[in-house]
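Take a look at the structure set out below.
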Protein chains: 2
Amino acid sequence: MTETAAPGRVLPHPDRAEIRLETVLHALSDPVRLRIVRELSTAADELSCSRFDLPVTKSTTTHHFRVLRESGVIRQCYRGTAKMSGLRRDDLDDLFPGLLDALLAAARGQHARLGEDT
Amino acid sequence: MTETAAPGRVLPHPDRAEIRLETVLHALSDPVRLRIVRELSTAADELSCSRFDLPVTKSTTTHHFRVLRESGVIRQCYRGTAKMSGLRRDDLDDLFPGLLDALLAAARGQHARLGEDT
DNA sequence: CTCGTACTACGAGGTCTATCGTACGAGCAG
DNA sequence: CTGCTCGTACGATAGACCTCGTAGTACGAG
């Protein structure tokens, strides 16, 4: 196939320089999204959206993944019908050194402390 | 006056154990509040609300300080008519080790990079 | 007591967000 | 081609949020 990709099959991401701290923090201030990021961080590779067992419908899941992608927290691409997602560690570490690690540690710590779902 | 204190003169703060990461991140996802915290972090001591020159009205300023206090990011107390505010470094460092420093570094870095107001 | 300053409380307007349901497109297995 | 699964788009709704203006309370100075 010579064409680039099917329409709607290409996903817009912000450039590294366009990533803003407030937007990232806002993206992570939602419990569902924080949980996605936490699970994503433990996975060695990228994960498909359907790998997650979230307490919301599929529509809402799509919405949350988009917020994460548009804020620059994750990178997404299609692989067949599956949409793979992975953390943008390199970009985030470059922009905000140590922030992602501290954030993930805090998220895991709180999760262990309060032991909510998942 | 026989009553304990004037109404509204006592400020409710969340206990350390009640501070939630999502709430903290949400509190810091607003540019005005992030700026308050950034200025607060450079001050050796506590500051009064009127020390800040924010691009919003006083009503809105009160609102933002309350969000920060109720999320557990800052501690506030009255000193005469002035309301003093200070970061809850000890509590935050205990709950989320390294997070506050990484956050402040990220905020300063972005501020230096983009050079917005203030 | 009176006044000025510092901050708050309340209500309103406009915007954003999270959530859902339903209907649809893209790819893969028969 | 026919289904099946994965994910999207769109519309709707209810709630939260930022902002403001006005009116009011607490404290200290004169």
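Each chain gets a letter, A, B and so on, in the order the sequences are listed, and its residues count up from 1. All values below were derived from every heavy atom in this structure, side-chain atoms included, with hydrogens, water molecules and symmetry-related copies excluded.
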ask   = With sequence neighbours left out, what residues match Thr57(A) under side-chain hydrogen bond (donor to acceptor under 3.5 Å, both in side chains)?
value =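 With neighbours one apart ignored, the set is Thr60(A).
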
request  = Not counting sequence neighbours, which residues clear side-chain hydrogen bond (donor to acceptor under 3.5 Å, both in side chains) with Ser59(A)? List them please.
outcome  = none

inquiry  = As a test of reading the structure: which of dG21(C), dC20(D), dC6(D) is closest to the side chain of Ser50(A), going by heavy atoms?
reply    =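 The answer is dC6(D), which lies nearest to the side chain.
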
Would you list the protein and nucleotides 11-18 of chain C atom pairs, both N or O, that sit under 3.5 Å from each other?
residue : atom : partner  : partner atom : Å
dA18(C) : OP1  : Arg33(A) : NH1          : 3.0
dA18(C) : OP1  : Arg33(A) : NH2          : 2.7
dA18(C) : OP2  : Arg33(A) : NH1          : 3.4
dA18(C) : OP2  : His63(A) : NE2          : 2.7

query = Within a strict 4.5 Å, meaning less than it, do heavy atoms of the Glu22(B) and Gln110(A) side chains meet?
reply = yes

key: Contact list for residues 29-60 of chain A, test ring-ring contact (aromatic ring centres under 6.0 Å, His included), sequence neighbours left out   =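 Applying ring-ring contact (aromatic ring centres under 6.0 Å, His included) to every pair that reaches into residues 29-60 of chain A, excluding sequence neighbours, yields Phe52(A)-Phe65(A).
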
Protein-nucleotide distance ([X], atom [atom1]; [N], atom [atom2]), rounded to Å:
| X | N | atom1 | atom2 | value |
| --- | --- | --- | --- | --- |
| Arg79(B) | dA26(D) | CZ | C1' | 17 Å |
| Glu22(B) | dA16(D) | CD | P | 16 Å |
| Asp53(B) | dA6(C) | CG | P | 14 Å |
| Glu70(B) | dC18(D) | CD | P | 12 Å |
| Lys58(A) | dG21(C) | NZ | P | 13 Å |
| Phe65(B) | dT19(D) | CZ | C1' | 16 Å |
| Arg66(B) | dA16(D) | CZ | P | 15 Å |
| Ile36(B) | dC18(D) | CD1 | C1' | 13 Å |

Taking only N/O atoms, report every protein-nucleotides 3-5 of chain C pair under 3.5 Å with atom names and distance.
none

ask   = Got a sec, which pairs hit side chain to side chain donor-acceptor pair (under 3.5 Å) with one end in residues 91-101 of chain B, sequence neighbours left out?
value = Arg16(B)-Asp91(B), Arg16(B)-Asp94(B), Arg75(B)-Asp91(B), Arg88(B)-Asp91(B)

note = Heavy atoms of Leu99(A) and Ala106(B) approach each other most closely as CD2-CB, 4.2 Å

Just distance, no hydrogens or angles: give the donor-acceptor pairs under 3.5 Å from side chains in residues 24-34 of chain B, sequence neighbours left out.
residue  : atom : partner  : partner atom : Å
Ser29(B) : OG   : His26(B) : O            : 2.7
Asp30(B) : OD1  : Val32(B) : N            : 2.8
Asp30(B) : OD1  : Arg33(B) : N            : 3.3
Arg33(B) : NE   : Ala27(B) : O            : 2.6
Arg33(B) : NH1  : His64(B) : ND1          : 3.1
Arg33(B) : NH2  : His26(B) : O            : 3.4

query = Can you name the side-chain contact (heavy atoms from CB on, under 4.5 Å) partners of Ser41(A), sequence neighbours left out?
reply = Leu87(A), Arg89(A), Leu104(A), Arg108(A)

When the side chains of residues 42-50 of chain B are checked against the rest of the protein, which donor-acceptor pairs come out under 3.5 Å, sequence neighbours left out?
residue  : atom : partner  : partner atom : Å
Thr42(B) : OG1  : Glu39(B) : O            : 2.8
Ser48(B) : OG   : Ser50(B) : OG           : 3.1

